[in-house]
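Notes for the one structure printed next.
Computed from a prediction, not measured in an experiment: that's the story for all the values here. Order of the sequence lines sets the chain letters (A, B, ...), proteins ahead of strands, with each chain counted from 1.
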Number of protein chains: 2
Amino acid sequence: MNSDLSDATQALERAAASCRERGASLTAIRREVLALLYRTPKGIKAYDLLEQMRQTRGNASPPTVYRALDFLIEQGLAHKIGRMNLFVACRHGAHSSPSLFLVCPKCNGVTELEDPDMVTSLYASLAATGHRLDSPEVEISAVCPQCVAGREAA
Amino acid sequence: MNSDLSDATQALERAAASCRERGASLTAIRREVLALLYRTPKGIKAYDLLEQMRQTRGNASPPTVYRALDFLIEQGLAHKIGRMNLFVACRHGAHSSPSLFLVCPKCNGVTELEDPDMVTSLYASLAATGHRLDSPEVEISAVCPQCVAGREAA
DNA sequence: GCAGCGATGTTATAACATCGCATATCCGCC
DNA sequence: GGCGGATATGCGATGTTATAACATCGCTGC
Ligand SMILES: [Zn+2]
Ligand SMILES: [Zn+2]
Ligand SMILES: [Zn+2]
Ligand SMILES: [Zn+2]
């Protein structure tokens, strides 16, 4: 049975609720963008997103999608992978602990990984040099399991 | 006394030697770009680099600098910080172990940090999910010591 | 009504990066 | 010296990613 759809719907409703709690609102545009992000778990580029948007909203323009993305990132609902100019939905409602973003150089897929031990070690390293961790996004280039196996997924 | 200059000169000569070992050649353009990277340890953008280049080489164009940067990155002499579209010289001749790149969101400065413990922990995390580390560049957003102290360096 | 405000529409442009093809330079070989 | 391939550079155009600037809409409170 089709649980993906209802999963996505539930996730959208949770997202809307968490925005409301913070006094922000998940408007129709933002909701559509977030839904598209949910549909492409490996990440999507802003202009591909724009193209998708235009299918239901002919007048969508770059600011339309960038504004929605900025909002979603502010709300912790999405992340940007700078290395690849790729945007992904956050897999963890709203996480306080940083995530590792594993970017596969073969298939360009992104995997979000939470790992408390890593983060502990990370904090220690940074503290030792006087730095303070700022964002929840740590980008790492790492070949994904599929591509390690040689299957070179799309 | 002015040891920066001779340091940079030495570094350039080491770089040239390591290129030669690999059958590559550090040509005049590439050498100039690398020298500019050495002069801006916090990282520099491609088009700022281009502007600098034009002061001594009026006909420099975007491909001029991007080609040189690609070469330097291939040779392990420079790194790209995807998050910021910033390029930095590698602080470690040619390093096999990955580095952490701490990008300060206040001053946009980049610090390259080698930390074996972190890397060990990182390998463990990745192996646990079937990933294999690919590139020597791990990007982390972290406020630098100067900015932690509130000095908001340029 | 009508200010105040957040969101959106719209146009243009800034900023970053690559392509394609011609020319030049180097180097080993005849 | 002359040739041929590989590498490097010049140069114009183009492609890709992101933001600036300004107008407008729709709601809420007064
Ligand atoms: Zn997340
Ligand atoms: Zn992959
Ligand atoms: Zn390095
Ligand atoms: Zn700083």
_Flag, side chain of B:Arg91 to backbone of B:Glu112, donor-acceptor distance under 3.5 Å_ = yes

*Drop me the distance from B:Lys80's NZ to B:Tyr66's OH, to the nearest 0.5 angstrom.*
6.5 Å

_What is the distance, to the nearest angstrom, from the CD atom on A:Glu51 to the C1' atom on D:dG15?_
15 Å

*Have a look at A:Ser61 and say if it touches a base, only the backbone sugar-phosphate, or nothing, with a 4.0 Å heavy-atom cut-off.*
base

*Measure from the side-chain heavy atoms of A:Pro63 and tell me the nearest of C:dT8, D:dT19, C:dC19.*
D:dT19

*Over how many whole Å does the gap from A:Asp48 atom CG to D:dA18 atom P extend?*
11 Å

*How do B:Ala28 and A:Lys80 order along DNA chain D: which one's closest nucleotide is nearer the 5' end?*
B:Ala28

_Using whole Å, what does the distance between atom P of nucleotide C:dC16 and atom CG of B:Asn85 come to?_
6 Å

*Determine whether the side chains of B:Arg22 and B:Ser18 contain a donor N or O and an acceptor N or O closer than 3.5 Å.*
yes

*Would you indicate which nucleotide in D:dT17, C:dA17, D:dT19 comes nearest to any side-chain atom of B:Pro62?*
C:dA17

*How long is the line joining OH of A:Tyr66 and C1' of D:dT19, in whole Å?*
9 Å

_Under-4.0 Å side-chain N/O to phosphate OP1/OP2 contact, B:Arg67 with C:dA17_ = no

*Among D:dA18, D:dA8, C:dA17, which nucleotide sits nearest the side chain of B:Ala46?*
C:dA17

*Separation of A:Lys45 atom NZ from D:dG15 atom C1', in whole Å?*
12 Å

*Between D:dT9, C:dA17, C:dT18, which one does the side chain of B:Ile29 approach most closely?*
D:dT9

*Please report, rounded to the nearest Å, how far the P atom of D:dT7 is from the CD atom of B:Gln75.*
13 Å

*Quickly work out the A:Met53 CE to C:dA7 C1' distance and round it to whole Å.*
13 Å

*asked:* When you group the ILVMFWY residues by side-chain heavy-atom contacts below 4.5 Å and let the links chain together, are B:Ile73 and B:Val110 in the same group?
replied: no

*Out of C:dT10, D:dG10, D:dT17, which has the shortest distance to the side chain of A:Tyr47?*
D:dT17

*asked:* Measuring centre to centre across the rings, with the benzene-like ring taken for any Trp, is A:Phe101 within less than 6.0 Å of A:His79?
replied: yes

_With nearest nucleotide decided by heavy atoms, which residue, A:Thr27 or B:Phe87, maps closer to the 5′ end of DNA chain C?_
A:Thr27

_Value in whole Å for how far the P atom of D:dT9 lies from CG of B:Asp70_ = 12 Å

